[in-house]
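To start, the structure itself, in structure tokens.
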Amino acid sequence: MRPLVAGNWKMNGLGADLAELATLKAALAGDPPACDVLVCPPATLIAQAAGQVEGAFAIGAQDCHARASGAFTGDLSAEMLRDAGASAVIVGHSERRQFHGETDADVAGKAAAAWRAGLLAIICIGETSAQRDAGTANHICSGQLDASVPEGATGENTAIAYEPVWAIGTGRTPSDGEIAAMHAHIRACLVRRFGEGARAIRILYGGSVKPQNAAQILGLPDVGGALVGGASLKAKDFHAIIGGVKAQ
Ligand code: 13P
């Protein structure tokens with residue numbers, strides 16, 4: 001599988017910020033990436049963004065509802081996101097789990113909805129600092145994986161994002177050894193459950209990925225890409241991170 005470098009704009013971005021996507025498109029045209037590239041702007045910008053980038057890279061969403069339609073005021077279905085031009089959706093981000101009380105079961109429902117609509121589900125997991133300090137990070141992450149990833153995950157329909165909660169927006173990252181060990185643990189869990197085909201599921205690292213650390217992190221074993229927050233908002237920084245993927 002080609003690595004995937006994905007940007008999560010979170011609750012940032014007005015129409016004027018689409019200029020960053022134009023800049024990124026131009027930069028990638030002159031310097032073709034060695035990975036798949038995805039930007040997940042707020043849902044308000046998906047249709048405009050998809051129209052603007054014209055397939056030069058993919059546009060995704062940050063969340064979806066589990067149902068295709070219905071009386072769920074304010075929610076958006078995976079089908080609606082696909083209709084607007086998204087080809088992927090992030091589900092189970094720790095900010096959704098923390099601020100919206102999403103459970104593993106909710107996340108599994110959203111991932112299944114993404115598949116139903118033909119979207120790539122980027123399923124997020126990760127431990128808190130207290131859990132890491134207590135030595136339970138592996139246990140927490142395998143529990144989240146078991147309960148948040150529905151039966152039927154493949155490299156085509158799913159990517160896993162390992163995002164330690166304590167590394168998000170903090171400028172702190174795990175050591176190279178800690179990232180490699182957790183990605184190996186996640187890979188082993190996926191292969192145990194889904195068989196050898198699960199080696200094709202990309203495992204992204206997320207949490208304070210910057211131009212300065214991207215190449216090093218992206219070069220670690222079993223790191224199949226990155227999920228980038230703050231540094232994806234500026235085309236220059238995000239392009240530099242994309243450049244951290246070495247051509248195979
Ligand atoms: P930062 O890159 O800003 O730490 O955010 C990571 C993240 O949460 C991406 O989903």
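All of these numbers come straight from a predicted model, not from anything done at the bench. The first residue of the sequence shown is numbered 1, and numbering continues consecutively from there.
Using a 4.5 Å cut-off on side-chain heavy atoms (C-beta onward), P150 and W115 make contact. Inter-residue side-chain proximity for S77 and F72 is flagged as unmet; no heavy-atom pair is nearer than 4.5 Å. For the pair E79 and R116, the minimum side-chain heavy-atom distance is below 4.5 Å. P174 places none of its side-chain heavy atoms less than 4.5 Å from the side chain of M182. A 4.5 Å side-chain heavy-atom check between L38 and I122 finds at least one atom pair inside the cut-off.
The distance from the OG1 atom of T44 to the CG atom of L14 is 8.0 Å, given to the nearest 0.5 Å. To the nearest 0.5 Å, the span separating CG on D17 from CG on N12 amounts to 8.5 Å. Rounding to the nearest 0.5 Å gives a distance of 9.5 Å between CD of E95 and NE2 of H100. A distance of 11.5 Å separates CG in L76 from CG in D83, rounded to the nearest 0.5 Å.
The main-chain N or O of A159 is never found under 3.5 Å from a side-chain atom of R202 such that the two would form a donor-acceptor pair. Judged purely by atom type and a 3.5 angstrom limit, N157 uses its side chain to pair as donor or acceptor with the backbone of G152. Side-chain atoms of H65 come within 3.5 Å of backbone atoms of R67 as a donor-acceptor pair (strictly under, hydrogens ignored). Of the possible donor and acceptor atoms, one in the side chain of H183 sits under 3.5 Å from a partner among the backbone N and O of D222. Proximity of a side-chain donor or acceptor of T128 to a complementary backbone N or O of Q131 within less than 3.5 Å is detected. In this structure, the side chain of N8 does not engage the main chain of I90 through any donor-acceptor pair within 3.5 Å. Side-chain N or O atoms of Q62 include one that pairs as donor or acceptor with a backbone N or O of P41 at under 3.5 Å.
Following chains of ILVMFWY side-chain contacts shorter than 4.5 Å, one cannot reach I140 starting from V107, and the two form parts of different hydrophobic clusters. Cluster membership for L4 and I125, using ILVMFWY side-chain heavy atoms within less than 4.5 angstrom, is not shared. Residues L220 and V5 are members of one and the same hydrophobic cluster, defined by side-chain heavy-atom contacts under 4.5 angstrom among Ile, Leu, Val, Met, Phe, Trp and Tyr. Residues V39 and V89 are members of one and the same hydrophobic cluster, defined by side-chain heavy-atom contacts under 4.5 angstrom among Ile, Leu, Val, Met, Phe, Trp and Tyr. Put simply, L120 and Y162 are part of two different groups of oily side chains (I, L, V, M, F, W, Y) that touch within less than 4.5 Å, one to the next.
Every residue two or more places apart in sequence or in another chain that forms a side-chain hydrogen bond (donor to acceptor under 3.5 Å, both in side chains) with S142 is listed here: H185. Residues forming a side-chain hydrogen bond (donor to acceptor under 3.5 Å, both in side chains) with T103 (at least two apart in sequence, or on another chain): D106. By the side-chain contact (heavy atoms from CB on, under 4.5 Å) test, A50 is found to be paired with I59, residues two or more places apart in sequence or in another chain being considered.
Under 3.5 Å, the side chains of E20 and T23 contain no donor-acceptor pair of N or O atoms.
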Trace of the side chain to side chain contact (heavy atoms under 4.5 Å, CB included) decision for M1 with E156: CA-CA 9 Å; M1 296 288 277; E156 272 73 49; 4.3 Å; yes
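Nearest heavy-atom pair across P3 and A34 is CD-O, 3.9 Å. Pairing each heavy atom of A111 with each of I123, the nearest pair is CB-CD1, 3.7 Å. Across all non-hydrogen atoms, the minimal contact from A66 to A113 is O-CB, 3.3 Å. What you find for C124 and L227 is that their closest heavy atoms are SG-CD2, 4.0 Å. When every heavy atom of L81 is checked against every heavy atom of C64, the shortest pair comes out as CD1-CB, 3.7 Å. V37 and F57 get closest at one heavy-atom pair: O-CB, 3.5 Å.
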Validation: residues 228-243 side-chain donor-acceptor distances under 3.5 Å, sequence neighbours left out:
unit_1: S232; atom_1: OG; unit_2: V228; atom_2: O; d: 3.3
unit_1: S232; atom_1: OG; unit_2: G229; atom_2: O; d: 2.7
unit_1: H239; atom_1: NE2; unit_2: D31; atom_2: OD2; d: 3.3

Using atom types as modelled, flag every donor-acceptor pair under 3.5 Å from a side chain in residues 189-200 to any protein atom, sequence neighbours excluded.
unit_1: R193; atom_1: NE; unit_2: E151; atom_2: OE2; d: 3.2
unit_1: R193; atom_1: NH1; unit_2: D146; atom_2: O; d: 3.3
unit_1: R193; atom_1: NH1; unit_2: V149; atom_2: O; d: 3.0
unit_1: R193; atom_1: NH2; unit_2: V149; atom_2: O; d: 2.7
unit_1: R193; atom_1: NH2; unit_2: E151; atom_2: OE2; d: 3.0
unit_1: E196; atom_1: OE1; unit_2: R199; atom_2: NE; d: 2.8

Less than 3.5 Å apart, which donor and acceptor atoms pair up between the side chains of residues 163-173 and the rest of the protein, not counting sequence neighbours?
unit_1: E163; atom_1: OE1; unit_2: H93; atom_2: NE2; d: 3.0
unit_1: W166; atom_1: NE1; unit_2: E127; atom_2: OE2; d: 3.0
unit_1: T170; atom_1: OG1; unit_2: W166; atom_2: O; d: 2.9
unit_1: T170; atom_1: OG1; unit_2: A167; atom_2: O; d: 3.4
unit_1: T170; atom_1: OG1; unit_2: R172; atom_2: N; d: 3.1

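Checked for salt-bridge contact, D104 and R97 meet the test: a charged N lies under 4.0 Å from a carboxylate O.
More than 12 non-hydrogen atoms from other residues, nucleotides or ligands lie less than 6.0 angstrom from CD of E178.
Of the candidates I201, N138, I160, I160 is the only one forming a side chain to side chain contact (heavy atoms under 4.5 Å, CB included) with I186.
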